[in-house]
Colleague: 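Structure below; questions to follow.
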Amino acid sequence: PEEKATKDEL
Amino acid sequence: MNVFRLAGDMTHLLSIIILLLKIRATKSCTGISLKTQELYVIVFLTRYLDLFTKYISFYNTTMKLVFLGTSISIVWYMRYHKVVKQTYNKDQDTFRHYFLAIPCFLLALLIHHEFTVIEVLWTFSIYLEAVAILPQLVLLQRSRNIDNLTGNYVFLLGAYRALYLVNWVYRYFTENHLVRWIPWLSGLVQTTLYADFFYYYIKSWKNNEKLQLPA
């Protein structure tokens, strides 16, 4: 599965 | 944001506060690895480049600035503060930065989500964070005397990524099965590196003894 580049973490 | 993520962030923040407290109150950085602290500055600088490109939330921006500011000030204290710098265990803190930084950078060039500057540097920061604790662990093993603040600092720093692991499992099941291999596997490696330390930390706490790692 494609990795979603959610950058809402620290 | 879920409770595990928040707990992880708070643990991370608390670990840094404890370290700064130790440095400021005791005017000493004994047992703290400057190598590890410098690697964390690199981790935050390369990860938080998106501060300029993307706004997520007030919380997110504030925490990023706090992590950047505190990590830079810790390095400043250890390198330049005229009293603190004399307590630095330079002879025992011999781990070389580039043994960790270069392989992580090469790995980020090879394995990333998207080939852009920000994305590759973000990936590099994830890989580097996973192993940045190694100089600190080596220094602890060489120290015959680990003070409580240093022990607690390393424990909280390890606990933070473990809580993030739980947060990722939770997010997987609650947010459309979001898959994120790079941080997951790196976070797993990062937490595993602490396993030995956790074991001795908990053992010394249960037996009410002073923390000491076997050489």
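Predicted model only: the values in this text are computed from it and were never measured. So that the names make sense, note that chain A is the first sequence line, chain B the second, and so on, each numbered from 1.
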Colleague: Do Glu9(A) and Asn167(B) have side-chain atoms, one donor and one acceptor, less than 3.5 Å apart?
Modeller: yes
Colleague: So what's closer than 4.5 Å to chain A heavy atoms on Trp168(B): side chain, backbone, both or neither?
Modeller: side chain
Colleague: Which of the residues Tyr59(B), Phe44(B), Tyr48(B) is involved in the greatest number of heavy-atom pairs with chain A at under 4.5 angstrom?
Modeller: Tyr48(B)
Colleague: In this structure, are over 12 heavy atoms from other groups packed under 6.0 Å from Phe198(B) atom CZ?
Modeller: yes
Colleague: If you measure from the Lys or Arg side-chain nitrogens to the Asp or Glu carboxylate oxygens, is any gap between Asp8(A) and Arg5(B) under 4.0 Å?
Modeller: no
Colleague: Check the surroundings of atom OH in Tyr55(B): do more than 12 heavy atoms from other residues, nucleotides or ligands lie under 6.0 Å from it?
Modeller: yes
Colleague: Using a 6.0 Å cut-off, check whether atom CH2 of Trp205(B) has over 12 heavy atoms from anything other than its own residue.
Modeller: no
Colleague: Measure distances from Asn60(B) to the heavy atoms of chain A and classify the residue's part below 4.5 Å as side chain, backbone, both or neither.
Modeller: both
Colleague: Nearest 0.5 Å please: distance from the NZ atom of Lys64(B) over to the CG atom of Leu10(A).
Modeller: 6.5 Å
